[in-house]
Amino acid sequence: MKYALCAALALLATLPAHADDNTTEGWNVGLAATVNQSPFVDGDAALSAKPVMLGDNEFDISGPTLSFNATPQREFYVGAGLDDWDYKRGDSPTLQDMKSLDRAINLRVGGAWKLASGNATVDLAQDVAAHKGTQVAARYTQRLAGSYAAVRPYVEAQWLSADMTDYYVGVDADEVKAGRPAYQADAALALKAGLLLEQPISKRLTLVGEANVTGYDSAISDSPIIDNSTIWGGAMGVAYRW
């Protein structure tokens with residue numbers, strides 16, 4: 001599936017854009033189908049959907065946000081969002097006897113800056129519903145020249161607090177069994193790389209896509225319930241300018 005997604009993104013990048021030069025003002029929102037590999041033992045890839053919100057600038061800010069103190073060169077924002085982590089553990093039959101996890105709801109604050117060759121974004125998220133942990137993501141996104149579509153490769157460094165990592169990959173004393181020892185996770189680092197694509201197909205419609213891969217350090221990969229320390233994901237959808 002991941003290879004099909006990458007092929008679809010590559011095909012979109014070669015298509016000519018048909019958007020009108022006169023941009024229509026309004027909300028540019030839509031929906032994308034997502035697929036993400038589960039890092040958990042015997043976990044299945046998760047299929048879901050997420051909202052798409054496209055801005056009129058080149059800043060790479062994901063999810064529902066409210067901007068303030070914005071200029072053409074920088075922008076600050078507050079917002080809310082959900083953890084990307086597979087809180088269902090991929091519906092793994094091997095891990096069904098473990099306690100169920102709740103969906104994390106993050107309050108976010110961050111900033112984005114336009115650089116000579118791309119954009120930088122720093123995002124701080126604090127969960128208020130599940131693990132009460134914190135995560136920080138610093139991303140650099142570059143806009144490629146010479147393409148009809150808006151192709152943007154990015155790299156992102158993540159820091160995940162111990163409260164967050166232990167919630168997802170820790171094993172409590174009452175969850176121990178043969179082949180699954182107790183495990184308490186510390187704060188972790190992760191590195192993510194991906195490709196974003198926005199292909200205008202009309203004055204109001206824009207196809208959007210993403211393919212990414214994320215690698216986690218030993219604080220996560222050493223957990224006995226983790227099978228994949230490097231996972232892939234992607235999305236494909238459409239946005240409409242209202």
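Note that the structure is predicted; figures quoted are calculated from it, not measured.
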Closest approach of V208 to E198 (non-hydrogen atoms, all atoms of both residues): CG1-CG, 4.2 Å
Salt bridge (charged side-chain N to carboxylate O under 4.0 Å, His left out) pairs, two or more places apart, involving residues 125-139: D60-R139, R139-E156
Heavy-atom donor-acceptor pair, Q142 side chain to P153 backbone, under 3.5 Å: no
Criterion side chain to side chain contact (heavy atoms under 4.5 Å, CB included) on Q158 and K192, from CA distance to verdict: CA-CA 8 Å; Q158 302 174 359; K192 184 176 184 178; 3.9 Å; yes
Distance, nearest 0.5 Å, that separates CD1 of I226 from OG of S38: 7.5 Å
Donor-acceptor contact below 3.5 Å, side chain D166 vs main chain A185: yes
Backbone of G118 reached by a side-chain donor or acceptor of R152 within 3.5 Å: no
Y77: side chain to side chain donor-acceptor pair (under 3.5 Å) partners, not counting sequence neighbours: D123
Same apolar cluster: V171 and M164, side chain cutoff 4.5 Å: yes
Same apolar cluster: V176 and L95, side chain cutoff 4.5 Å: yes
Atom of S229, atom of S221 and distance for their closest heavy-atom approach: CB-CB, 3.5 Å
By ring-ring contact (aromatic ring centres under 6.0 Å, His included) - contacts of Y168 (at least two apart): W85, H131
Nearest heavy atoms of M53 and P64, plus distance in Å: SD-CA, 3.5 Å
Partner residues of T230 under the side chain to side chain donor-acceptor pair (under 3.5 Å) criterion, sequence neighbours left out: none
Nearest heavy atoms of I225 and G170, plus distance in Å: CD1-O, 4.2 Å
Taking every non-hydrogen atom, the tightest pair across A190 and T214: CB-CG2, 4.3 Å
Presence of salt bridge, K99 and E175, under 4.0 angstrom: yes
Pairwise salt bridge (charged side-chain N to carboxylate O under 4.0 Å, His left out) hits with a residue in residues 29-45, at least two apart: none
Selection residues 88-126 - residue pairs positive for ring-ring contact (aromatic ring centres under 6.0 Å, His included), sequence neighbours left out: F76-W113
Nearest-0.5 Å distance, NZ of residue K88 to CG of residue L101: 11.5 Å
Side chain to side chain contact (heavy atoms under 4.5 Å, CB included) between W232 and V35, worked out: CA-CA 9 Å; W232 56 265; V35 56; 3.9 Å; yes
Residue N228 excluded, over 12 heavy atoms near CG under 6.0 Å: yes
D86 and N36, any side-chain heavy atoms less than 4.5 Å apart: no
Residues forming a side chain to side chain donor-acceptor pair (under 3.5 Å) with T134, sequence neighbours excluded: Q126
ILVMFWY cluster, V155 and L115 together (side-chain gap under 4.5 Å): yes
Considering all heavy atoms, the nearest Y154-E210 contact: OH-OE2, 2.5 Å
ring-ring contact (aromatic ring centres under 6.0 Å, His included) partners of residues 178-204, not counting sequence neighbours, each pair once: none
Hphob cluster co-occupancy, V29 + L207, side-chain heavy atoms under 4.5 angstrom: yes
Main-chain N/O of N106 paired to D83 side chain as donor or acceptor, under 3.5 Å: no
Those residues that, when tested against S67, pass side chain to side chain donor-acceptor pair (under 3.5 Å) (two or more places apart): E75
side-chain contact (heavy atoms from CB on, under 4.5 Å) partners for S48, two or more places apart: T34
I201 CD1 to T206 OG1 distance, which is reported to the nearest 0.5 Å: 7.5 Å
Check: T141 and T121 side chains under 4.5 Å, non-hydrogen atoms: no
Side chain to side chain contact (heavy atoms under 4.5 Å, CB included) assessment of W159 paired with L189: CA-CA 5 Å; W159 176 83; L189 296 175; 3.8 Å; yes
Transitive ILVMFWY side-chain link V109 to L66, under 4.5 Å: yes
For D102, salt bridge (charged side-chain N to carboxylate O under 4.0 Å, His left out) partners two or more places apart: none
S161 side, atom OG; Y167 side, atom OH - distance, nearest 0.5 Å: 13.0 Å
R204 side chain to R241 backbone, donor-acceptor under 3.5 Å: yes
S92 side-chain N/O to V41 backbone N/O, donor-acceptor pair under 3.5 Å: yes
Whether T71 side chain and R74 backbone form a donor-acceptor pair below 3.5 Å: yes
Set of side-chain contact (heavy atoms from CB on, under 4.5 Å) partners for A188, sequence neighbours left out: T165, D217, A219, I220
